[in-house]
Amino acid sequence: MSRPALPLSYLFVPADRPERIGKALASGAHAVIVDFEDAVAPAAKDDARTALSAAWPALRTQAAAAGVPLLVRVNGADTCWHRSDLAWCAQGGADGIVLPKAEPEAARALRAALPDCACLPLLETAAGFARLRELAALPGVARLLFGSIDLMLDLDIGDAGAPLDYFRSRLVAHARAAGLPAPVDGVCTALGDAAALAAETTRARAFGFGAKLLIHPAQVAGVHAGLAPDAEQAAWARRVLDAAERAGGAAIAVDGKMVDRPVLERARRIVSRLAPARPGGNGDPR
């Protein structure tokens, strides 16, 4: 399956439902997040790790064959399950760890415990956003994720209009300043509502997000369509890059407009968001 260089979609699946993980890997989602946190009841967390251990090697093999990063969202560093989750990941392996309610100390501890594993901080608290610059610059951080639902709870705000726009812009700006890929927008909770998903995806792209968190496989196609460049954008970008290559560094114009460095860079970014012509690459967020 052809995929862009970076995942456009990250699909959550409960850790205590191993049979759903295999289906998620085959859903077309570019990355799958096995969730030990919100998706598993407190009383079931220890049993979930034990039950998943038997199926995990086969799931890792399936994920590698499909070129789909298999990530794990652990419980927060302030919970009694966090250390056990990290120990489980160290033993079984994962392509990356989603760190909820992320703050720098927890990210550093994760790096120390799993030095070869990518960290994807989930920004969902005021405390995390207050130290966003520090967090984004830490070694091992691969991509920033927006935990919009928990942030609304933490701040006691809604998102009917623009209450979260400030945080969206900060996340995108700090990701760029730290040299990270465009961040991942939060989930759309309106299951079965294609219009709501399309509107959220369009907003995410307009703010500079490069991917979206999903909670159902039915959301995959809509998110991919909303985040990928359309045919007109792709054709323009290819015309610009082809003209620049032929010019060999000389000044050029495309469609009657001069092409300077920012225009050329924009064309490169658009092409980088396209799926490759041939299957290849694994979309690993690292």
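This one's a predicted model, so the numbers in the text were calculated from it and none came from an experiment.
To the nearest 0.5 angstrom, R143 atom CZ is 8.0 Å from L145 atom CG.
The neighbour count for R203 CZ, taken as heavy atoms of other residues, nucleotides or ligands under 6.0 Å away, is above 12.
Side chain of Q91 to backbone of A87: no donor-acceptor contact under 3.5 angstrom is found. Between the side chain of R20 and the backbone N or O of P14 there is no donor-acceptor pair closer than 3.5 Å. Remark: the backbone N or O of G186 is paired with a side-chain donor or acceptor of K212 at under 3.5 angstrom. Remark: side-chain polar atoms of H82 are paired, donor with acceptor, to backbone N or O of N75 under 3.5 angstrom. A distance-only check finds no donor-acceptor pair linking the side chain of E37 to the backbone of G76 [under 3.5 Å]. Not one N or O on the side chain of S9 forms a donor-acceptor pair closer than 3.5 Å with the backbone of V220. Not one N or O on the side chain of D255 forms a donor-acceptor pair closer than 3.5 Å with the backbone of K257. Side chain of Q219 to backbone of L197: no donor-acceptor contact under 3.5 angstrom is found. Looking at R205, its side chain does come within 3.5 Å of a backbone N or O of F209 through a donor-acceptor pair. The closest donor-acceptor contact from the side chain of W56 to the backbone of G93 lies under 3.5 Å.
Side-chain contact, R73 with Y10: no donor N or O sits under 3.5 Å from an acceptor N or O.
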Inset, instruction - Step by step, work out the salt bridge (Lys or Arg N to Asp or Glu O under 4.0 Å) result for K45 and D16. - result: CA-CA 8 Å; K45 292 184 186 290; D16 58 354; over 6 Å; no

Legend entry - Criterion salt bridge (Lys or Arg N to Asp or Glu O under 4.0 Å) on R131 and E105, from CA distance to verdict: CA-CA 10 Å; R131 301 177 67 187; E105 290 79 8; 2.8 Å; yes

Inset, instruction - Determine, stepwise, if the pair E245 / R238 fulfils salt bridge (Lys or Arg N to Asp or Glu O under 4.0 Å). - result: CA-CA 10 Å; E245 183 176 358; R238 288 190 174 113; over 6 Å; no

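Under a 4.0 Å N-O distance rule, the pair E265/R261 does not qualify as a salt bridge. One finds no salt bridge joining D242 and R239 here, because no Lys/Arg side-chain nitrogen approaches an Asp/Glu carboxylate oxygen to under 4.0 Å. A salt bridge is absent between E103 and K101: the closest approach of a Lys/Arg side-chain nitrogen to an acidic carboxylate oxygen does not fall below 4.0 angstrom.
Linking ILVMFWY residues whenever their side-chain heavy atoms come closer than 4.5 Å, directly or via other members, leaves L213 and V40 in distinct clusters.
Side-chain atoms of V34 and L52, non-hydrogen and from C-beta on, do get closer than 4.5 Å to each other. V98 is not listed as a side-chain neighbour of V72, based on a closest heavy-atom distance of 4.5 Å or more. Two residues are said to be in side-chain contact when any heavy atoms from C-beta on lie closer than 4.5 Å; F167 and S148 fail this criterion.
Note: F146 and F129 have perpendicular aromatic rings, judged against thresholds of 30 and 60 degrees for the angle between ring planes.
Taking the centre and axis of the six-membered ring of W88, the NZ or CZ atom of R83 falls outside the cone set by 45° and 6.0 Å.
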